[in-house]
Amino acid sequence: MLYPIFKREVFDRRDRMMKIAGLGSGFLLLLQTLMLYLSISSGLLIIGVIIFTVLTVAQIFQQSRRHEQAKQAVIEIEKALGLFEPGTYLPDRSLYPQHWQTRPSRDYGLILYTLGLVALAVLVVLSLLITI
């Protein structure tokens, strides 16, 4: 009964990480475009961009931690169900490959989302500094 709940949680958390990164990136691109047409205090915008980026990255990391917790719970349930044991469901092999029992040491999605967001923030800040 718990398995589908945790499995769904794993996918939902990853989806939320992508959406947060996408919305944050979209906001920074919109801000970059608006800067071209509006004359707003660059100093205040720089502070706002930094605060926004830090808060958005913090949300992505929070979702990542929850994703990892749910993923570990799913792995434990899959082990208890014997999905990695040869002969439990299929006569000559396990239903799931053995490497699915361990989480990757690095979450490349998390790295990509964070780096993309920070890179866009740096571009916005640099363009603001150029206009000062």
Side-chain angles (χ1 to χ4, degrees):
M1 184 181 251
L2 288 176
Y3 183 69
I5 294 169
F6 279 105
K7 193 74 168 176
R8 181 81 255 146
E9 180 76 8
V10 167
F11 291 117
D12 288 347
R13 292 291 174 185
R14 179 61 69 179
D15 184 58
R16 285 186 195 118
M17 289 169 61
M18 289 188 298
K19 285 179 181 174
I20 291 168
L23 289 171
S25 298
F27 173 76
L28 290 171
L29 289 172
L30 178 65
L31 182 62
Q32 180 74 33
T33 304
L34 288 175
M35 282 177 8
L36 298 172
Y37 300 105
L38 303 174
S39 59
I40 302 172
S41 170
S42 295
L44 290 176
L45 278 176
I46 289 172
I47 292 169
V49 166
I50 291 170
I51 291 170
F52 173 79
T53 303
V54 167
L55 292 174
T56 304
V57 167
Q59 277 190 318
I60 291 171
F61 273 90
Q62 179 186 47
Q63 292 298 321
S64 175
R65 280 190 302 276
R66 291 179 178 168
H67 168 78
E68 290 301 320
Q69 291 169 348
K71 179 65 175 170
Q72 188 59 46
V74 166
I75 290 171
E76 294 303 319
I77 293 169
E78 290 168 346
K79 285 179 182 178
L81 292 173
L83 299 177
F84 300 107
E85 295 297 321
T88 303
Y89 295 96
L90 301 174
D92 58 341
R93 63 183 178 92
S94 64
L95 192 60
Y96 283 2
Q98 295 300 312
H99 69 274
W100 285 9
Q101 291 185 70
T102 56
R103 295 187 336 258
S105 60
R106 291 191 180 107
D107 184 348
Y108 291 105
L110 174 65
I111 294 168
L112 181 65
Y113 307 145
T114 304
L115 287 179
L117 194 61
V118 169
L120 282 171
V122 167
L123 287 175
V124 171
V125 168
L126 287 175
S127 65
L128 286 166
L129 289 172
I130 290 171
T131 61
I132 293 180

Student: Check whether F11 and V74 end up in the same hydrophobic cluster, where Ile, Leu, Val, Met, Phe, Trp and Tyr are linked by side-chain heavy atoms less than 4.5 Å apart.
Tutor: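 Cluster IDs for F11 and V74 differ.
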Student: Nearest 0.5 Å please: distance from the CD1 atom of I75 over to the OH atom of Y96.
Tutor: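 Between atom CD1 of I75 and atom OH of Y96 there are 11.0 Å.
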Student: Can you pull out every side chain to side chain donor-acceptor pair (under 3.5 Å) where at least one residue sits in residues 44-54? Sequence neighbours excluded, please.
Tutor: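 Output for this query is empty, none listed.
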Student: How far does CG of L45 sit from CG of L129, to the nearest 0.5 angstrom?
Tutor: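 If we round to the nearest 0.5 Å, L45:CG and L129:CG are 11.0 Å apart.
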Student: Under a single-linkage definition using a 4.5 Å side-chain heavy-atom cutoff for Ile, Leu, Val, Met, Phe, Trp and Tyr, are L55 and V49 assigned to the same hydrophobic cluster?
Tutor: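 No, because L55 and V49 fall into different hydrophobic clusters, even though each may have its own neighbours under 4.5 Å.
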Student: Looking only at heavy atoms, which two atoms of F84 and Q98 are closest? And how far apart?
Tutor: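 Where F84 meets Q98 most closely, the heavy atoms are O-NE2, 2.5 Å.
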Student: Is it true that L115 and F61 fall in one hydrophobic cluster, defined by side-chain heavy atoms closer than 4.5 Å?
Tutor: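 They do not share one cluster, since no chain of ILVMFWY contacts under 4.5 Å joins L115 to F61.
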Student: Could you give the distance from CG (L120) to OG1 (T56), rounded to the nearest 0.5 Å?
Tutor: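 Interatomic distance, L120 CG to T56 OG1, rounded to 0.5 Å: 11.5 Å.
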Student: Is a donor on one side and an acceptor on the other found under 3.5 Å between the side chain of Q63 and the backbone of R14?
Tutor: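 Pair absent, no side-chain N/O of Q63 close to backbone of R14.
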Student: As an exercise, state the distance from CD of E68 to CZ of R103, rounded to the nearest 0.5 Å.
Tutor: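 The CZ atom of R103 is 4.5 Å from CD of E68, to the nearest 0.5 Å.
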Student: Check for me, please, whether L117 and L23 land in the same ILVMFWY cluster - side-chain distances under 4.5 Å, paths through other members count.
Tutor: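 Each belongs to a different hydrophobic cluster.
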Student: Applying side chain to side chain contact (heavy atoms under 4.5 Å, CB included) to F52 and L28, what does each step give before you reach the verdict?
Tutor: CA-CA 9 Å; F52 173 79; L28 290 171; 4.1 Å; yes
Student: Supply the atom-to-atom distance H67 NE2 to E9 CD, rounded to the nearest 0.5 angstrom.
Tutor: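 One finds 10.0 Å between NE2 of H67 and CD of E9.
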Student: Taking the basic N atoms (NZ, or NE/NH1/NH2) and the acidic carboxylate oxygens, is any pair closer than 4.0 Å for R66 and D12?
Tutor: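 Salt bridge absent between R66 and D12.
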Student: Write out all pairs satisfying side chain to side chain donor-acceptor pair (under 3.5 Å) with one or both partners inside residues 81-93, taking only residues at least two apart or from two chains.
Tutor: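 Matches after skipping sequence neighbours: none remain.
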Student: Cut-off 3.5 Å, side chains only: do Q72 and E76 have a donor facing an acceptor?
Tutor: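 There is such a pair between these side chains.
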Student: Would the distance check show the side chain of S127 and the main-chain N or O of V124 forming a donor-acceptor pair, the cut-off being under 3.5 Å?
Tutor: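 The answer is yes, because a donor-acceptor pair under 3.5 Å joins these two groups.
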Student: Are L128 and L126 linked, directly or through intermediate hydrophobic residues, by side-chain heavy-atom contacts shorter than 4.5 Å (ILVMFWY only)?
Tutor: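 Yes.
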Student: So which pairs with a foot in residues 18-31 pass side chain to side chain donor-acceptor pair (under 3.5 Å), sequence neighbours left out?
Tutor: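 Applying side chain to side chain donor-acceptor pair (under 3.5 Å) to every pair that reaches into residues 18-31, excluding sequence neighbours, yields D15-K19.
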Student: Of I20, V118, L110, which is the lone residue that meets side chain to side chain contact (heavy atoms under 4.5 Å, CB included) with V57?
Tutor: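 Between V57 and the candidates, side chain to side chain contact (heavy atoms under 4.5 Å, CB included) is satisfied uniquely by V118.
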Student: Measuring from atom CG of D107 to atom CG of L112, what distance do you get when rounded to the nearest 0.5 angstrom?
Tutor: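 D107 CG to L112 CG: 10.0 Å, rounded to 0.5 Å.
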